[in-house]
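Below: the structure, in structure tokens.
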Amino acid sequence: MISKHYSPKDTESRWYQHWMDKNYFHSTPDDREPYSIVIPPPNVTGVLHMGHMLNNTIQDILIRKARLEGKNACWVPGTDHASIATEAKVVRMLREKGIRKADLTRDEFMEHAWGWKEKYGGIILEQLKRLGASCDWERTAFTMDETRYKAVIEVFVDLYRKGKLYRDYRMVNWDPEAQTVLSNEEVLYAEEKSSLYHVRYKIEGTADEWVTIATTRPETILGDTAVAVNPDDERYAHLQGKRVIVPKVNRSVPIVFDKYVDMEFGTGCLKITPAHDPNDYDIGKKHDLEVIDTLNDNGTLSEAAQFYVGEDRFKARKLIIKDLEEAGHIVKVEEHMHNVGRSERTSVVVEPKLSLQWYVDMQQLVEPSLGAVMEDTVEFFPKKFKNTFNYWMSNIRDWCISRQLWWGQRIPAWYYEEGVFVAETAEEALGLAKKETGNDNLTLDDLKQDEDVLDTWFSSWLWPISVFNGFETDEELKYYYPTSVLVTGWDIIFLWVARMIMSGYEWQGERPFDHVYFTGMVRDKQRRKMSKSLGNSPDALELIDRFGADGVRFGMLSSSPAGGDLLFDEKLCEEGRNFCNKIWNGLRLIKSFSLSEDTETPDGNIAASRWFESRLNQVLEELNSNFQEYRLSEALITIKRLIWDDFCSWYLEMIKPPYGESLDSATYEKTIEFFGKLMTILHPFMPFVTEEVWHLLEERNSGEDCIISSWPKGGSINKAIIKNIELSKDIVSKIRYLRAKNELSPKEALPLSIQKSETSSEFVNDKGISSIILKLANITDFSESATTPEGSTTFLSGTEKFFTQIDKEIDIEAERAKIEEELKRARGFLIGVQKKLENERFVQNAPAAVVEKEKQKLADGTARIKILEESLENLK
RNA sequence: GGGUGAUUAGCUCAGUUGGUUUAGAGCGCAUGCUUGACAGGCAUGAGGUCACUGGUUCGAAUCCAGUAUCACCCACCA
């Protein structure tokens, strides 16, 4: 006998292996319509977290659905080298072993890094397999493998030759822990509480005259080279031509007048540190001020600071406050909220710093990507992200792509004296150098390659092209590109999505994907973003162990509207697990039936299967539009309700033979067919349980697997039978309610009568419907009656009145009150309908069908009121 | 400062271009069930002025304007 509970552990790995053995995930170009997705590559040494689970479940659903529809489905997996994050991990690992990065050569370090990658790389891909991801593993790519590395270098050179790449000395975002520059998009700003220090500077040549500035970063005072005030500020007009003494360092600096200074803020007097603030830098340039860089790359104070040299910037801050305090320079200290930028990867406070870096001239790449998105050539789901995209693209800033790291693609630029030579290889660069300098004696040793590597996103923006080896050959690209859909979180819309669209047009002259489906962020119940540092993220694999992959997939999806945040709750996975179990037990029930070849199919069973077929077709229609609009959670819920409510709770109960009897084989076959179709439509969402049940339903030939079965074609929908069954369900529920209210056991059979009306006989005479009611409500006899005998218990369903005999005292007062209540509501409702119909403008303007419906409501309402009034009369 | 979105049951959310008599679901809650598939289950029920104020319309949870609260994104405030 099959066990009582569905056990995911026993089936999941078995079926995954089976699918792999059959090579179902692998795709090669053929005559079929392609359906392709490239995975957002997770960090190569990362582990699966909730965001990945959501994201990849959705991709798998879309891929599996496409496969069932007979398309050539190709889902390309891979990983990202994640230069900053991975390098930081390797550095930390080395430090623990007592090795300092600074003591290693570049090659030695890279050896360690590759070792680390070999050890931890790809774990995440194995975890995706546990989730059921049907990726084409033969295509697994890595942003730093040979093919992808080459593509990056080629693209860099190409951009440089086209004049879309340049090198410049600017104020950048510096991460003192990773010791690299960051792009604007890699800095996250958050309001943080800090102190605003009011510090007074003595005016030069006076005994006791001061100006007071306000700063949140007092340690930068050591790099001050001016104090600025607004030229319109009368408070400071007398300072024209004066100088002040910077405290601690006793440097004499000018007072400059600049409109930039906000008179309202603080004291209206601003200290200027050109080396450590972007605005100060601009002012410094304008007024020709000295630039004193007081910070080292690692965030400690440099020699130029003169004091606290070698101390960390935050330690130095504490020290200088104490010293200034003692010297009487601190006027006051205020609490202050302000925006602090932190590194996305290391979370340390970013320092503005001057340095020479490589940039992409984005202005030249904006078109035609912006238009493509605005005109839905690349369609966003949900649409609201078009705005966000438009704003960013329209105010685009150049992209800083160099990073002071080793783990990544080394910038293919070589320097000789003042010359910069960009080429794919050192030899080519040498050729260029010889040509430009006219010096034929130059050797490779004379050239010095750029020490930096490229931003990781500079390789991932090529992903939809590079995974198909698109920079070498267009064989596969022609077939799979543009890909069908990109599924990713909205948090990387700028970092990744926008740039991929730009690179797609730049190198393929074509969009990289037709659709972009933005998922929400997974948050915990307190709405906090799930993160490792908060420790609020459940262990993905443990969840799979507890609820099964199908259960977890259900949980991830059942409440995740596109672009909206998903508040993760284990309860949802539990619901998914229970759903698997429900399906499992539906199977057990069917398997427990004994069959009879020669039993005639009962009327109730014929009605039941006609009804269910129509319901199934109805749902198939709904699913089509759900999928088209990427309403995946709605699709899943719709399927769940079809299976749980319609199929298990009603259909199976309808056809279940009485104890000791057998099921007719015609109904059995129908039931197996329905069940199989249900498994196919659920398969994309919950692949394992559906495959298992699919095979237990009936003998299947080799290769007849659920994963490659075909998505059912819809059929006609019999509205009449759906309506009649709905009515029957209502009657059954009402009888069950009467039983519950009167404390009658469901086992006690009752008679049921319908009061004669225009339509009542039709109802009693429909053998299918009446036998279903008889069976499900445990009715002895269903008859039509001209009158309602005294003392019977009545209820209303639609516009029909029913009654039964319950051997129990009726509480007349309570009954009356209930009917009066209902009457009141029905009358109010009727008045509304009447008013509507009396309104000429309604009758004239509303569509005929709507008016017709209102008329029906009027007729039905009147009938109901009449029946209710009668019932009230009877109670007297 | 600029922008986007949200506000529907105790909680988390649906509500598909305005019209299905009574606005749905899951969880939670209440009552009763060891019902020959399932207690990871079954049956029944309670619970909502659709944030507020106006407007458009024959008709508004749905469209428009404003208000309030919240969330997020972007941007130079020392």
Side-chain angles (χ1 to χ4, degrees), chain A residues 2 4-6 184 189 196 213-217 220 228 260-262 264-267 269-273 277-280 282 336 338-339 382 384-385 387-388 391-392 395 490-491 493-494 521 525 527 551 558-561 563-567 569 571-572 574-575 577-592 622 625-626 628-629 631 633-634 637 640-641 648-649 652-653 656 659-660 733 736-741 743 745-747 798-799 825-826 829-830 832-833 835-837 839-847 849-851 853-854 856-858 860-861 864:
Chain A
I2 320 176
K4 216 163 132 177
H5 288 160
Y6 170 67
N184 296 321
Y189 291 90
L196 184 62
I213 57 88
T215 180
T216 51
R217 295 190 298 159
T220 62
Y260 169 78
V261 181
D262 180 357
E264 306 295 317
F265 190 92
T267 59
C269 195
L270 176 65
K271 72 192 244 345
I272 303 295
T273 322
D277 183 280
N279 297 306
D280 291 11
D282 290 342
H336 180 63
H338 77 144
N339 246 358
K384 66 175 176 186
F385 290 109
N387 276 328
T388 317
Y391 184 82
W392 188 75
N395 297 280
W490 51 256
D491 53 334
I493 183 170
F494 308 135
M521 299 291 110
K525 278 201 252 179
R527 292 199 178 272
S558 61
S559 173
S560 64
D565 289 353
L566 159 59
L567 268 62
D569 187 346
K571 277 268 178 213
L572 294 170
E574 203 179 307
E575 201 186 312
R577 181 200 60 183
N578 294 352
F579 182 33
C580 291
N581 201 47
K582 186 72 190 177
I583 295 168
W584 185 249
N585 277 288
L587 173 79
R588 284 182 69 210
L589 175 64
I590 293 170
K591 286 283 133 187
S592 75
E622 281 172 45
S625 67
N626 282 335
Q628 248 163 40
E629 297 292 315
R631 297 171 195 279
S633 34
E634 198 150 329
I637 288 164
K640 185 194 171 199
R641 298 191 45 166
C648 292
S649 297
L652 290 181
E653 292 299 330
K656 191 193 252 177
Y659 185 61
S733 295
R736 284 173 180 164
Y737 171 66
L738 287 180
R739 281 213 170 85
K741 204 177 69 172
E743 293 170 322
S745 157
K747 283 177 183 159
T799 54
R825 214 167 42 181
F829 169 72
L830 199 68
V833 177
K835 267 192 184 157
K836 233 181 199 181
L837 283 169
N839 185 334
E840 273 175 45
R841 282 187 294 181
F842 169 71
V843 181
Q844 275 165 20
N845 296 333
V850 174
V851 177
K853 214 163 264 171
E854 286 307 309
Q856 188 61 45
K857 284 186 200 172
L858 183 74
D860 291 355
R864 279 176 72 87

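Note: hydrogens, waters and symmetry copies are ignored here, and every other heavy atom, side chains too, is used. Per chain, numbering begins at 1; letters A, B, ... match sequence-line order.
- If you take CE of A:M521 and C1' of B:G5, they are 15 Å apart, rounded to a whole angstrom.
- Taking every side-chain heavy atom of A:S625 into account, B:U16 is the closest of B:U16, B:U44, B:A75.
- Under 4.0 angstrom from either OP1 or OP2 of B:G26 there lies no side-chain N or O belonging to A:S558.
- Residue-level contact check: A:V843 touches neither bases nor backbone, having no heavy atom under 4.0 Å from any strand.
- Between B:U12 and B:U21, the distance separating the two C1' atoms is 30 Å to the nearest Å.
- Among the atoms of the strands shown, only primed sugar atoms or phosphate atoms (P, OP1, OP2) are found under 4.0 Å from some heavy atom of A:N839.
- Nucleotides B:A14 and B:A25 place their C1' atoms 7 Å apart, quoted to the nearest Å.
- Close to B:G40, at under 4.0 Å from its OP1 or OP2, lies no side-chain N or O of A:N581.
- Across all strands, A:E575 comes closer than 4.0 Å only to sugar-phosphate atoms, never to a base (heavy-atom distances).
- Among the protein residues, A:Y260 comes within range of the nucleic acid bases, having at least one heavy atom under 4.0 Å from a base atom.
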> Please walk me through it: do A:L858 and A:L830 pass side chain to side chain contact (heavy atoms under 4.5 Å, CB included)?
Replying inline: CA-CA 6 Å; A:L858 183 74; A:L830 199 68; 3.9 Å; yes
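- Across all strands shown, A:I637 has no heavy atoms under 4.0 Å from either base or sugar-phosphate atoms.
- Contact between the side-chain N/O atoms of A:N578 and the OP1/OP2 oxygens of B:G41 is found at a separation under 4.0 Å.
- Of the side-chain N and O atoms in A:K582, one or more sit less than 4.0 angstrom from OP1 or OP2 of B:C42.
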>> Is there a side chain to side chain contact (heavy atoms under 4.5 Å, CB included) between A:T220 and A:K271? Walk through the geometry before answering.
In response: CA-CA 9 Å; A:T220 62; A:K271 72 192 244 345; 2.7 Å; yes
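- The separation between A:D860 atom CG and B:U21 atom P is 10 Å, rounded to whole Å.
- B:A61 sits 11 Å from B:G18 when the C1' atoms are compared, rounded to a whole Å.
- Taken to the nearest 0.5 Å, the OG1 atom of A:T215 stands 7.5 Å off from the CG atom of A:L196.
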> Hey, mind stepping through A:R641 and A:I637 against side chain to side chain contact (heavy atoms under 4.5 Å, CB included) and telling me if it holds?
Replying inline: CA-CA 6 Å; A:R641 298 191 45 166; A:I637 288 164; 4.1 Å; yes
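- With no hydrogens or angles considered, a side-chain donor-acceptor pair links A:D860 and A:Q856 at under 3.5 Å.
- Within the 4.5 Å cutoff, the side chain of A:V850 has no heavy atoms near those of the A:K853 side chain.
- The phosphate of B:G15 has OP1 or OP2 within less than 4.0 Å of a side-chain N or O from A:R631.
- In this structure, of B:G26, B:C73, B:U20, it is B:C73 that holds the atom nearest to the side chain of A:T388.
- With values rounded to the nearest 0.5 angstrom, A:I590 atom CD1 is found 5.0 Å from A:L652 atom CG.
- Following rounding to the nearest Å, A:N585 (CG) and B:A39 (C1') show an atom-to-atom distance of 11 Å.
- Contact between the side-chain N/O atoms of A:K571 and the OP1/OP2 oxygens of B:G26 is not found at any separation under 4.0 Å.
- Between A:K640 and the phosphate of B:G26, there is no side-chain N or O to OP1/OP2 separation shorter than 4.0 Å.
- You'll find the side chain of A:L837 reaches within 4.5 Å of the side chain of A:V851, heavy atoms only.
- At distances below 3.5 Å, not a single donor-acceptor pair connects side-chain atoms of A:D277 with backbone N or O atoms of A:T273.
- Among the atoms of the strands shown, base atoms are found under 4.0 Å from some heavy atom of A:E653.
- As judged by a 4.0 angstrom heavy-atom cut-off over every strand, A:R736 is placed among residues touching the sugar-phosphate backbone only.
- Here A:S733 lies in heavy-atom contact (under 4.0 Å) with sugar-phosphate atoms only.
- Remark: C1' of B:C27 and CG of A:L566 are 15 Å apart, rounded to the nearest angstrom.
- Atom CG in A:L837 sits roughly 18 Å away from atom P in B:G19 (whole-Å rounding).
- Regarding A:W584, its CH2 atom lies at a distance of 17 Å from the P atom of B:G41, rounded to whole Å.
- When distances are taken from the side chain of A:S649 to each of B:G19, B:A43, B:C77, the shortest belongs to B:A43.
- Considering OH of A:Y391 and CZ of A:F494, their distance stands at 9.5 Å, rounded to 0.5 Å.
- On the P atoms, B:G32 is 29 Å away from B:U49, given to the nearest whole Å.
- Computed from coordinates, the A:D565 CG to B:C72 P distance equals 9 Å when rounded to whole Å.
- Mapping A:G586 and A:K857 onto RNA chain B by nearest heavy atom places A:K857 at the nucleotide closer to the 5' end.
- Nucleotides B:A9 and B:A68, compared at atom P, are 23 Å apart to the nearest Å.
- Looking at the side chain of A:H5, the nearest of the listed nucleotides B:C58, B:C73, B:C38 is B:C38.
- For B:C58, one of the phosphate oxygens OP1 or OP2 lies less than 4.0 angstrom from a side-chain nitrogen or oxygen of A:R841.
- Within 4.0 Å of A:A846, counting heavy atoms only, lies at least one base atom of the nucleic acid.
- A:R641 comes within contact range of the sugar-phosphate backbone alone, with a heavy-atom separation under 4.0 Å but no base atom that close.
- Between the side chain of A:Y659 and the base of B:G36, at least one donor-acceptor pair of N or O atoms lies under 3.5 Å.
- A 4.5 Å side-chain heavy-atom check between A:E634 and A:E629 finds every atom pair outside the cut-off.
- Among the protein residues, A:N395 comes within range of no part of the nucleic acid, since none of its heavy atoms lies under 4.0 Å from any strand.
- In this structure, the nucleotide among B:G19, B:U16, B:A37 sitting nearest to the side chain of A:R588 is B:A37.
- Stems are defined here as 3 or more consecutive Watson-Crick or G-U wobble pairs with pairing distances under 3.5 Å; those involving RNA chain B are B:1-7 with B:68-74, B:10-13 with B:24-27, B:29-33 with B:41-45, B:51-55 with B:63-67.
- Residue contacts shown for A:C580 are absent, as no nucleic acid heavy atom lies under 4.0 Å away.
- If you check B:C74, B:U22, B:C38 against the side chain of A:R864, the one that comes closest is B:U22.
- To the nearest whole angstrom, the two C1' atoms, one in B:G45 and one in B:G40, are 23 Å apart.
- Positionally, the nearest nucleotide of RNA chain B for A:N387 lies more toward the 5' end than for the other of A:N387 and A:C648.
- Counting only heavy atoms from C-beta outward, the side chains of A:M521 and A:W490 approach each other to under 4.5 Å.
- Comparing B:A6 with B:G15, their C1' atoms are spaced 15 Å from each other, to the whole Å.
- With both ends at atom C1', the span from B:C73 to B:C27 equals 31 Å, rounded to whole Å.
- A:R217 places its CZ atom 14 Å from the P atom of B:C76, with the value rounded to the nearest Å.
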